[in-house]
2 protein chains.
Amino acid sequence: MQNPKPLETASAHDRVYRGLRTRIMHGQIAPGHALTLRGLGKEFEVSMTPAREAVQRLVAEGALQMSTSGRVSTPELSNERIEELAALRALIEVELASRALPRAHMALIERLQSINSGIADVVSNRDAVGYIRTNLEFHRTLYLRAQAPAMLAMCETVWLQLGPTMRALYGRLRRTEAPQYHRLIIAALKAGDEPGLRLAVRSDVTQGLRMLAN
Amino acid sequence: MQNPKPLETASAHDRVYRGLRTRIMHGQIAPGHALTLRGLGKEFEVSMTPAREAVQRLVAEGALQMSTSGRVSTPELSNERIEELAALRALIEVELASRALPRAHMALIERLQSINSGIADVVSNRDAVGYIRTNLEFHRTLYLRAQAPAMLAMCETVWLQLGPTMRALYGRLRRTEAPQYHRLIIAALKAGDEPGLRLAVRSDVTQGLRMLAN
DNA sequence: ATAAGGCGTTTGTGATCACAAACGGGTGGT
DNA sequence: ACCACCCGTTTGTGATCACAAACGCCTTAT
């Protein structure tokens, strides 16, 4: 029992924050979409105050942008910024995978295979949001083994910034099966092959985002 | 005239945010120090609302920690977390330096040398805050040339998280002169030596933080 | 037809208030 | 001497309100 009280009552701004955050990270909101404090407050059944705190926090994390007049919306990323964020993903995720490798036992690898096979389902359903969610779950499951919470937090911040853009990306590419690089990652984990793992993770991260930047 | 309107009127929560942020990043607040919303509000002559937003934002960036009861304080980092943050600095700053290298002209190198010589002054004055500020200015000046705002923002977030801890570090080590690795960085820039630059930056970043983790 | 101006409405900002929880110091009991 | 309990005070949370700025749509003049 490592978590006796799973926080049965979360604060209002935390509910709004978490709700918005997963929505953005999973690509459920299109780039450039506008949000209003009163609208969010009504949607989550809170007043403007918690809605404002949640929005401010997401702005600080780069998940939302704020105009000079205070209007908030999901950002429309330039190609340069997409390239930067992809490079950050490559840097951090390669390091996380490398740190997870010596701790990756068979149970973890089986879990990854299970998640990966689930990707086939969402792909066949043309479910872009499901695809992003499952893909991120695959990566997070691996990186959790790295025992590096600060790095994982940074990594998720990058995912968050790319969320709305990822929707646009995976919406236009025609996927027919689970990504090949996920299989390479699993194979490298099984073999204990660190250089191979680093290459596979770097390829998987860079692959999709390169084509978005034309 | 690249900045015609330097934002002559900043919003209240932004003033609090910026004030607190530089104070934390420069190590002017000791680890574990507690802050109160009403206290901050009185100090910056605003009500609790802007103070709360500024604090929430800094908590989101990892510059402050919040207890389950909502009390905020500067974090006391574990050795594991310090090691993680140092590794993140190494990853990101090496990349930033590498991207800045092809754009580093003579004017930049002279600017860096000027900043570096300023470090001697603050060192002789036993001015820990001045040392941290000047050191960060040295790095930021170099990284600005990388034209990678997202990476620089991530980098500064790490600096922010290490701020209070850096004060404790530089307080205990006896510095007598400007860091040797800064000279190596400048030399590598002059020579256009990318591997040497990467090594110098990595060494400079890791050097101080390794000894803190015992 | 197009562009500029005006006005009602929407929206963010910051202050204030009521409330509950938590902290801290002091007291009393063992 | 030490520990538990209690109560006054401090503190964070969230709702509400007044205000100013910005937005959007419509009218009007050229």
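It should be emphasised that the depicted structure is a prediction, and the values quoted were computed from it without experimental measurement. Just the heavy atoms: all of them, side chains too, but no hydrogens, waters or symmetry mates, feed the values below.
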Any salt bridge between A:Asp14 and A:Arg57, counting N to O under 4.0 Å?
yes
With a 3.5 Å cut-off and no angle check, do the side chains of A:Tyr17 and B:Gln56 form a donor-acceptor pair?
no
Name the orientation class of the two ring planes belonging to A:Trp159 and A:Tyr143 (parallel below 30°, tilted from 30 to 60°, perpendicular beyond 60°).
tilted
Salt bridge check, A:Arg202 against A:Glu93: does any charged N sit closer than 4.0 Å to a carboxylate O?
no
Most 5' of B:Arg52 and A:Leu37 on DNA chain C, judged by nearest nucleotide
A:Leu37
Check step by step if side chain to side chain contact (heavy atoms under 4.5 Å, CB included) holds for A:Val201 and A:Leu96.
CA-CA 10 Å; A:Val201 170; A:Leu96 278 167; over 6 Å; no
Just the rounded figure in Å: distance from C1' of D:dT13 to CZ of A:Arg15.
13 Å
Approximate separation, where rounding is to 0.5 Å, of A:Asn116 CG and A:Thr134 OG1:
9.5 Å
Hey, can you pull the residues of residues 65-77 of chain B with a non-hydrogen atom under 4.0 angstrom from DNA chain C?
B:Ser69, B:Arg71
Let me know the distance between CG of A:Leu35 and P of C:dT11, rounded to the nearest Å.
11 Å
Taking 4.0 angstrom as the limit, do B:Glu156 and B:Arg89 come out as a salt bridge?
no
Considering only heavy atoms, which members of residues 38-48 of chain B lie under 4.0 Å from some atom of DNA chain C?
B:Val46, B:Ser47
Salt bridge B:Glu95-B:Arg99, side-chain N to carboxylate O under 4.0 Å:
yes
For B:Thr49, which contact category applies under a 4.0 Å heavy-atom criterion: base, sugar-phosphate, or nothing?
base
With respect to the phosphate group of C:dT13, does any side-chain polar atom (N or O) of B:His13 fall under 4.0 Å of OP1 or OP2?
no
